[in-house]
Amino acid sequence: MKPFYITTAIVYANADPHIGFALELIYADVLARYYRMSGRDVRYLTGTDEHGSKISRKAEEAGKEPKVFVDEIAARVRQLADELNIGNDDFIQTSEERHHKSVEAFWKRVDKAGYIYKKAYKGLYCVGCESFKTEKDLVDDVCPDHKTPCEEVEEENYFFKLSAFQEKLEKLYEERPDFVVPEAKFNEMKQLLKSGLEDISISRSTKVLKWGIPVPGDDGQVIYVWFDALVNYISAIGYGEDDEMMRKYWPADIHIIGKEINRFHSVLWPAMLMAAGVKVPQQIGVHGWITANGEKMSKTRGNVLDPFELLSQYGTEPLRYFMMREIPFHSDGDFSIKRFEERFNNDLANELGNLLNRAVAMTDRYLGGVVPAVVDYNVKSHWTDYRKSMEDLRFHDGLAAAWQIVRDMNKFIDDKKPWELGKLDDKTEVSEVLYTLLEALRHVAWMIMPVTPETSYKIFEAIGTSVVEQAQMPMKEAAIWGGLQPGAKVALGEQLFPRIETKKE
RNA sequence: CGCGGGGUAGAGCAGUCAGGCAGCUCGCCAGGCCCAUAACCUGGAGGUCGUCGGUUCAAAUCCGACCCCCGCAACCA
């Protein structure tokens with residue numbers, strides 16, 4: 001089976017990474033870990049988008065060379081990925097040599113196929129937007145977004161014949177009903193396509209912008225940032241340089257992106273690939289945005305959440321858990337400290353952490369800490385729900401499936417009263433109850449592994465197994481009841497998630 | 001008539017495609033339990049399903065009109 005190739009968008013390197021990118025990294029990481037867990041060979045790519053005049057300007061403001069500036073931002077993004085425990089296999093920066101080479105090769109290929117032409121273009125250019133504006137875009141003669149006057153610019157640019165792909169894209173959309181998920185986001189693109197495609201300018205004169213990849217054969221122009229950035233998905237696997245690697249990983253199984261850049265990935269990117277005679281990706285997964293306390297995050301509102309701050313305050317796994325449980329992939333979700341602490345205390349501390357503690361402590365007390373013999377219990381339907389949810393990118397439902405087991409077990413304890421059974425001379429019944437608890441926890445640990453791997457490892461240790469032992473079996477086997485070996489010793493460790501003392505309002 | 005998403009208990013949401021007892025989580029109230037992290041379990045209160053009209057034995061769900069909120073409108077993650 002072809003390796004599962006997954007990418008995030010590459011984040012624009014003009015500022016410290018945003019919480020939204022943290023979310024995107026986690027979504028992709030959870031999916032990557034899920035497929036690894038189910039036995040697939042996975043390659044996970046992320047990186048930074050580093051060209052364009054906004055960055056050029058920012059660097060200038062900071063008094064730094066563009067390359068120095070973007071390397072610093074890229075280092076912060078790597079740090080974020082690291083602190084979030086993201087298991088990416090590669091990290092690409094578009095200012096890297098390998099990317100330049102691929103982009104050049106890509107451009108040449110598209111040019112040779114006849115999809116690039118040169119045209120004089122005269123218009124009002126907004127530096128902030130890096131784009132030309134029409135008269136009717138302007139409000140009181142200034143750009144409505146940046147409140148700055150636009151400059152009258154005339155230049156010769158290279159254009160990409162996007163219009164030539166109208167029908168091919170329509171056909172693609174028709175043949176591949178799940179090319180873009182969720183459906184609502186796909187419908188938007190279909191609508192966009194229906195309104196017609198125009199050719200787009202894909203270069204800028206070096207008079208207005210020097211920081212970019214030069215157009216092959218024309219030093220007077222650099223390549224437009226999107227036409228350059230999208231190519232990262234194939235430059236990172238050796239497009240134009242390493243055909244074997246390309247064959248191994250391409251087409252990508254899924255590009256994970258935010259809703260604001262859907263059109264670039266669902267319209268422009270497939271058209272570019274078709275133009276170059278390269279296969280299009282399998283799927284575009286469009287996720288929503290995080291709001292902060294119910295409001296859109298923005299710098300002007302001053303309510304932007306800093307991922308580094310949240311990480312240092314609450315830790316990696318609680319943050320990963322919250323994001324995946326509370327912010328459904330297919331829609332927007334809200335982040336608030338109140339909700340976060342509720343989730344933490346209820347789900348992680350009270351329900352899961354406490355359950356583990358109960359199960360292990362009683363095994364210690366009544367059975368001398370030895371895992372008893374196997375008794376039957378049906379986890380099959382939970383696994384079915386779980387797998388379906390994860391594969392549909394409904395990670396919150398996947399976690400809910402795991403928590404269904406946790407809740408069942410908490411009820412089960414009250415129902416069976418093992419503290420009474422434990423005092424009997426005949427330990428048969430209490431052994432059955434405790435085995436059920438410990439083994440159920442093993443299944444829970446497996447299910448939450450893509451989201452909270454470290455927590456899973458701790459659970460394994462506590463119930464008398466280990467990551468190493470568990471990793472020896474594929475998910476299919478692990479999902480069978482009875483995988484916990486009788487006779488092993490449980491190990492009552494520290495509390496998994498000590499409760500957070502919530503602040504009084 | 002630019003496009004899309006949404007309005008269901010105090011909060012957050014599922015249910016709407018395929019009409020059939022209005023559900024889940026949190027919070028609140030009462031009780032139980034004593035293994036456990038003041039945790040766990042059970043029960044309860046709380047909803048004219050945005051509004052008006054239509055179809056139907058039956059509407060949160062289908063049809064029509066309207067009101068309100070949010071987002072997008074070619075580079076905000």
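Proteins come first, then strands; the chains are lettered A, B, ... in the order of their sequence lines, and each starts at number 1. Hydrogens, waters and symmetry mates play no part in the numbers below; they use all other heavy atoms, side chains included. Because the structure is predicted, anything quoted here is derived from the model rather than measured.
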Among [options], the one nearest [X] by side-chain distance:
{"X": "A:W226", "options": "B:A77, B:C75, B:C26", "value": "B:C75"}
{"X": "A:F264", "options": "B:G5, B:U37, B:A74", "value": "B:A74"}
{"X": "A:W289", "options": "B:G12, B:C40, B:A77", "value": "B:A77"}
{"X": "A:K54", "options": "B:C75, B:C40, B:A36", "value": "B:C75"}
{"X": "A:W419", "options": "B:A36, B:C33, B:A77", "value": "B:C33"}
{"X": "A:D414", "options": "B:C34, B:A39, B:C35", "value": "B:C35"}
{"X": "A:A184", "options": "B:G5, B:U37, B:A36", "value": "B:G5"}
{"X": "A:N354", "options": "B:U37, B:A77, B:C75", "value": "B:U37"}

Rounded to the nearest 0.5 Å, how far does CG of A:L193 lie from OG of A:S266?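 Taking OG in A:S266 and CG in A:L193, the distance rounds to 10.5 Å.
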Give, for atom CE of A:M362 and atom CD1 of A:I413, the distance between the pair rounded to the nearest 0.5 Å.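 If we round to the nearest 0.5 Å, A:M362:CE and A:I413:CD1 are 4.5 Å apart.
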Once you apply a heavy-atom cut-off of 4.0 Å, does [X] come out as touching a base, just sugar-phosphate, or nothing?
{"X": "A:I19", "answer": "nothing"}
{"X": "A:E24", "answer": "sugar-phosphate"}
{"X": "A:R325", "answer": "nothing"}
{"X": "A:K259", "answer": "sugar-phosphate"}
{"X": "A:L496", "answer": "base"}

Using the [atom1] atom as the reference point in each nucleotide, state the distance between [N] and [M] in Å, no decimals.
{"N": "B:C29", "M": "B:A45", "atom1": "P", "answer": "16 Å"}
{"N": "B:A58", "M": "B:C40", "atom1": "P", "answer": "45 Å"}
{"N": "B:A22", "M": "B:A60", "atom1": "P", "answer": "8 Å"}
{"N": "B:A77", "M": "B:C21", "atom1": "C1'", "answer": "45 Å"}
{"N": "B:G44", "M": "B:C68", "atom1": "P", "answer": "40 Å"}
{"N": "B:C67", "M": "B:G19", "atom1": "P", "answer": "30 Å"}
{"N": "B:G15", "M": "B:U61", "atom1": "C1'", "answer": "9 Å"}
{"N": "B:G47", "M": "B:G10", "atom1": "C1'", "answer": "11 Å"}

Donor-acceptor pair between [X] and [Y] side chains, under 3.5 angstrom:
{"X": "A:R358", "Y": "A:N410", "result": "yes"}
{"X": "A:R76", "Y": "A:Q79", "result": "yes"}
{"X": "A:Q404", "Y": "A:H382", "result": "no"}

Taking atom types as they are modelled, would you say the side chain of A:N187 forms a donor-acceptor pair with the base of B:G4 within the 3.5 Å cutoff?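 No.
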Watson-Crick and G-U pairing of RNA chain B written in dot-bracket, each distance under 3.5 angstrom, with | for inter-strand partners: .(((((((.[[[[.)....(..]]]].(((((.......))))).....[[[[[..)....]]]]])))))).....
When you match A:G333 and A:A359 each to their closest nucleotide on RNA chain B, which lands nearer the 5' end?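 Between the two, 5'-proximity favours A:G333.
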Closer to the 5' end of RNA chain B via nearest nucleotide, is it A:G20 or A:S331?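 Looking at RNA chain B, the more 5' nearest nucleotide goes with A:S331.
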Between the side chains of A:K338 and A:E342, is the shortest nitrogen-to-carboxylate-oxygen separation below 4.0 Å, so that they form an ion pair?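 Here A:E342 pairs with A:K338 in a salt bridge, since their nearest N and O are under 4.0 Å apart.
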Which residues share a side-chain hydrogen bond (donor to acceptor under 3.5 Å, both in side chains) with A:E326, sequence neighbours left out: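 Only A:R339, A:R343 meet the side-chain hydrogen bond (donor to acceptor under 3.5 Å, both in side chains) criterion with A:E326.
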Counting only side-chain nitrogens and oxygens, does [X] get under 4.0 Å of the OP1 or OP2 atom of [N]?
{"X": "A:N350", "N": "B:C40", "answer": "yes"}
{"X": "A:R339", "N": "B:C26", "answer": "no"}
{"X": "A:N346", "N": "B:G27", "answer": "yes"}
{"X": "A:N357", "N": "B:U37", "answer": "yes"}
{"X": "A:K411", "N": "B:U42", "answer": "yes"}
{"X": "A:R365", "N": "B:A36", "answer": "yes"}

Atom CG of A:L352 to atom P of B:A36: distance rounded to whole Å?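 Atom CG in A:L352 sits about 18 Å away from atom P in B:A36.
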Pair A:W403 + A:Y321: ring centers closer than 6.0 Å: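 Ring centroids of A:W403 and A:Y321 are less than 6.0 Å from each other.
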Using the ring of each side chain (for Trp, its six-membered ring), is A:F340 parallel, tilted or perpendicular to A:F322, with breaks at 30° and 60°?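 Aromatic pair A:F340/A:F322 classed tilted.
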Go through A:R320 and A:E317 one step at a time and tell me if the salt bridge (Lys or Arg N to Asp or Glu O under 4.0 Å) criterion holds. CA-CA 5 Å; A:R320 288 174 64 109; A:E317 303 234 325; 5.3 Å; no
